[in-house]
Amino acid sequence: MTTNSTTAFEEGDDTADHKSPSDFVPDEIDRPALVEDIRDRVAGDVRFDTYTRQLYATDASAYEITPIGVVFPKSTDDVATTVTYCADRGIPLLPRGGGTSLAGQAINEAVVLDLTRYMDDIVAINPEEQRARVEAGTVLGDLNEALSPHDLKFAPDPAAGDRSVIGGAIGNNSTGAHSLVYGKTDVYVEECEVVLADGTVVTLGEISVEKLRLSADFDGSLFEQVCAEIVRIIDEKGDEIRDRFPEMKRNVSGYNLDVLVKEAETGTVNLARLLAGSEGTLAIVTEAEVSLEPVPTTKAVSLLFYDSVLDAVTDVQYVLEHDPAAVELIDDVLLGLARETTEFEEAASIVPNEAEAGLLVEFYADDTDHGREQTAALLADRTPKTATELPPSDDQPINSETFAFTGLEAHVADERAMFWTLRKAGLPILLSRTSDEKHISFIEDCAVPPEHLPEFVERFQSLLTEKNRDADAAFYAHAGPGVLHVRPLINTKATADREDMVAIADAVTDMVVEFDGSVSGEHGDGRARTQWNRKLYGNDLWEVFRDLKSAFDPKWLLNPGNVCGDHAMTEHLRYDEGYEFDAGFEPSLNWKNKNGMQGMVELCHGCGGCRGSQETTGGVMCPTYRAAEEEITTTRGRANLLRQAMSGDLPDDPTDDEFAEDVLDLCIGCKGCKRDCPSGVDMAKLKTEVMHERHEKYGASLRDKIFANFDTLAMIGSALAPVSNLVQSLPAMGTVSQKTVGIASERSLPKFHRETLQDWFDECKPLVPKSEAERKVVLFADTYTNYSHPEVGKAAVRVLEAAGVHVDIATETDSGRPALSKGFVDSARETVKRDVKELEPRVRDGWDIVVAEPSDAVMFQSDALDVCSGDEVEAVAANAYGLCEYLDTFRLDENVDWNTPVESLVYHGHCHQKAEKKDHHAVGVLRRAGYTVDPLDSGCCGMAGTFGYEAEHYSLSKAIGKILFDQIDESDAEVVTAPGTSCRTQLADSRIQPVSSNSSLAGTSLDRDEPPTPIELLAYALPR
């Protein structure tokens, strides 16, 4: 679809630079002299204000430490300058990527260097040599997106790859589910440009041991001292390193000395690989050259099912004989959670009822037949009674003992994805607990050789039972390389639970050492596991680690305390005995989750899923971050600051001007986090609570009151039409509305119809008598549909009647959405009560409720339950539908003999429907009607109800919209369609061409400034 959309920020727009620090942070600065000194020396941003420091106090771990400040360097020179300045003054430094670390290595009392903001360029791609050179802040998902035209990829695939960066991958020596094939990041690090602890910039890469010796000098430059220490380690500690380091694919504990010693045996070492797993404690990587791997031609997946977890882990060693690319364990806890969760019902339906565990086994294949051969061989060996798509070969080895009782195979992409969905289903559920007890990451990636997994798991389970921690403790794993993820429920606010954390970790470390394993097979040491490295490696190697650290960083200023430092795992926990929560007000909404509003405020675990781009992560969350790239505009940022304000860590009242404007103002209420956040943090609902209390304390602006009461305004505008439309179209009205109430002059205001939908319907005779109807519907004519877009309501009536539905229309038009969206909870509650009073008796009498506007449909289905309680409102919620949802749910469109034009559509769903997982219905109905539909994996349009009308938000609204506009540009479809009024207004104001001149709809009533709705397209396809 070719568009004529404008750029995100118009030239000359003084609000265009959304990377300006003044846009999102207050003026209060900590240590202003230090800020001024650094700011004078670097081109990047320097922020030591309270909000920024608190934003960087957490990562994806259980820990929290407020940093000294944050620098956003624009170049290696900026990094070197900052390091030199801090080194001279003894100020600690911490390089940071996406903040996705699970062990706490991305937080410290230091000056944080956020390398993701500016230093994220892909410098060069060399497909012939299978190499890429990238800056340290480059997101792995973005790199792989750029490599996809060459059928290449950066092979390590950590779960957070769509938001973690190459510098972090090196710092953690990251890997992923396919480490059986690819190993860890260190294998792919060819060269690194780094800044040493004294500010020296050097390039580390391959060097002969002979040349390394020539560079070694304990009395020379810092780099020469480093070379001398490395030579000493090779010469004097090689035997001990070979003896003490576990021989495993997955060990990221301690420094990467085993790789160093092994390489030295060949006469050449790669010093860049010594940084892998160093967690920023040795040097700061600013640029890296990495090697790449071909993307597999295709894949095949098997699922093996077992009577117990022990049977499953016992079988791993035999499954490995088939050379899989991945072997993943799913235990009974995760299977049970998947079965009980609506989102994963389809995936869970393939699991036999008696299954207590499963192994997902993936193969890389040359073609589909090759994949079928691999799964046939596996299933014939491990569960011989299971039928396979291809017969297994006669000469394959068969093990006499089997443990799986049945199995499945998948070769089509959608089926393979469903198998993987089952594997990934449990973690979001585990992370969605709003109780004080949470699944804490502190022993969750210990690793042992696969042959020891059965005994290790059995003893691990016994340990948890002994500590009364076995309930709901999930065992899931990258079982192939022996990595076990276990997250017991721990309440870190309780002293006894913290003591149990230490006791469990201590005992597990003993087991790991006994089985020649590692305390970290994936997520690194950080604050959670550093203290166990001494036990894992012994005192001598512990001192070697410290000597290496001292050589690289003589003052111990680089991320101090990690790997070989003094971290204790229960220090600096986000929640401890000193934590107190006080919202400062009583919640006004219904909170049915455990711990209510407090539980939701404390829910964010910091994974950074809200930092993903549209291209790599997709979904809705978080639109403002995708446009502004500011941590304070992420769900994580807002949730953390709200929690800190309500717990006293941030000395702010969350209802005051500064907090409301700087933290909550740019939450656009899209509800994307409700669906896309792994934990399900509902930031829109939290904002509503705070804004309601703010109105109660300080009153509300005239603009907010106008928007909240738009139904009344629309009724008046309709009664005065067309005069009301003429008045607002006068040239000066845009300037007047912006200066008086702050409505952006660039925006097109809603037009009103003198004849409302209700007026029109009152003159119509039902085409489907109630006695002959398949179903009965009360069509709720929401404000926009009734007063501004009655054509949408008319189309709805036509389509519903064509489907054999008897239609009546509601007398109420306000769903309560406008008031709730602006934080007027009491007003929304009274409106919902009026609606329920009218609609509930109809529901009781067998009628369904259908709503044209998506956000109003969701208001009835979900948000009404937040403001009202009782059987009546629950009955209305359970029987309310969006238009296409209603047709699709009951397959009513199958009753229609469609006369659809040959037409291709690009469909943008409404974010509120996406939050409720209801946006797919329109696609299904349109396709069955005969349209070709390209459904976009799009976020919010940026209009977000009234957000895009507000003058101070106009530029950001357009920036968010630009992401959608680009997606529409890339589509080959001829017609844009969107169900939401806000979305269509945004597209019209941005000069999107909704109907191509090549379309059969060109010149029809649907060819206008704004896109047609799906229901209008369906009405157009009715027999004439």
Side-chain angles (χ1 to χ4, degrees), residues 3-18 627 668 700-756 783-792 818 821-822 941-962 964-965 976 978 980-995 997 1003 1005-1012:
T3 71
N4 298 311
S5 59
T6 57
T7 57
F9 304 113
E10 302 293 348
E11 189 174 352
D13 180 357
D14 61 3
T15 64
D17 184 8
H18 284 278
I668 60 178
S701 69
L702 175 61
R703 185 180 66 188
D704 282 352
K705 292 177 181 177
I706 290 172
F707 286 150
N709 292 280
F710 183 70
D711 188 74
T712 301
L713 181 65
M715 181 175 62
I716 297 170
S718 174
L720 297 177
V723 175
S724 56
N725 296 327
L726 290 173
V727 170
Q728 68 180 24
S729 66
L730 295 174
M733 283 306 296
T735 302
V736 171
S737 64
Q738 180 159 324
K739 288 185 176 180
T740 55
V741 292
I743 295 175
S745 59
E746 299 90 342
R747 284 297 181 192
S748 303
L749 297 175
K751 304 294 183 185
F752 303 110
H753 287 254
R754 184 66 172 248
E755 182 187 60
T756 67
T783 302
Y784 278 105
T785 304
N786 192 52
Y787 298 113
S788 295
H789 297 284
E791 69 279 0
V792 176
S821 69
K822 304 309 293 182
C941 69
M943 197 67 180
T946 62
F947 179 85
Y949 281 105
E950 295 162 0
E952 70 274 22
H953 298 147
Y954 174 76
S955 181
L956 182 57
S957 170
K958 294 294 291 295
I960 296 169
K962 176 66 163 54
L964 171 61
F965 308 156
V976 183
T981 298
S982 292
C983 309
R984 301 195 306 276
T985 300
Q986 175 79 303
L987 293 167
D989 282 358
S990 302
R991 298 194 291 277
I992 292 288
Q993 183 182 357
V995 177
S997 59
S1005 61
L1006 300 184
D1007 185 3
R1008 58 196 186 218
D1009 288 342
E1010 68 176 32

Check your understanding: Heavy-atom distance under 4.5 Å between the side chains of Ser957 and Glu746, does that happen here?
Key -> no
Exercise for review: Using a strict cut-off of less than 4.0 Å between a Lys/Arg side-chain nitrogen and an Asp/Glu carboxylate oxygen, indicate whether Arg984 and Glu791 qualify as a salt bridge.
Suggested key: no
Practice item. State the CE-OH distance between Met943 and Tyr954, to the nearest 0.5 angstrom. Key: 9.0 Å
Point to revise | Nearest atoms (heavy-atom pairs only) where Thr985 meets Ser748 | key: CG2-O, 4.4 Å
Exercise for review: Show your working on side-chain contact (heavy atoms from CB on, under 4.5 Å) between Asn786 and Asp711 and close with a plain yes or no.
Suggested key: CA-CA 10 Å; Asn786 192 52; Asp711 188 74; over 6 Å; no
Review point. Under the salt bridge (Lys or Arg N to Asp or Glu O under 4.0 Å) test, which residues partner Asp704, sequence neighbours left out?
Key: Lys822
**Study point:** Heavy-atom pair of closest approach, residues Ala627 and Ile960
**Key:** CB-CG1, 3.7 Å
Review point. For the residue pair Met733 and Val727, what are the closest heavy atoms and their distance?
Key: CG-O, 2.8 Å
**Study point:** Test item: Asn709 side-chain N/O and Lys705 main-chain N/O as donor-acceptor pair under 3.5 Å
**Key:** yes
Point to revise | pair Val792-Thr981: side-chain heavy atoms closer than 4.5 Å | key: no
Check your understanding: In Å, rounded to the nearest 0.5 Å, how long is the span from CZ of Arg703 to CD1 of Ile743?
Key -> 7.5 Å
Review point. What heavy-atom pair brings Gly942 and Phe947 nearest, and what distance separates the two atoms?
Key: O-CD2, 3.7 Å
Point to revise | Contact list for residues 704-730, test ring pair (Phe, Tyr, Trp, His ring centres under 6.0 Å), sequence neighbours left out | key: Phe710-Tyr784
Review point. Is there any side chain to side chain donor-acceptor pair (under 3.5 Å) pair reaching into residues 728-744, and which pairs are they, with sequence neighbours excluded?
Key: Gln738-Ser745
**Study point:** Any side-chain heavy-atom pair of Phe965 and Gln986 under 4.5 Å
**Key:** yes
Practice item. Measure across Leu987 and Pro1011 and return the closest heavy-atom pair with its distance rounded to 0.1 Å. Key: CD1-CG, 3.6 Å
Check your understanding: Below 4.5 Å, heavy atoms only, C-beta onward: do Lys958 and Ser990 meet side chain to side chain?
Key -> yes
Check your understanding: Under 4.5 Å between any side-chain heavy atoms of Met715 and Phe752, yes or no?
Key -> no
Study note, to complete from the structure: Value for CD (Glu1010) from CD1 (Ile992), rounded to nearest 0.5 Å, stands at 13.0 Å
**Study point:** Approximate separation, where rounding is to 0.5 Å, of Thr946 OG1 and Ile668 CD1
**Key:** 11.0 Å
Point to revise | Nearest heavy-atom neighbours spanning Cys941 and Cys983 | key: SG-CA, 3.5 Å
**Study point:** Backbone of His753 reached by a side-chain donor or acceptor of Ser718 within 3.5 Å
**Key:** yes
Revision key, fill the gap. Distance col, row Leu720:CG vs Leu726:CG, nearest 0.5 angstrom, shows 11.5 Å
Revision key, fill the gap. dist Leu749:CG -> Ser788:OG (nearest 0.5 Å) comes out at 10.5 Å
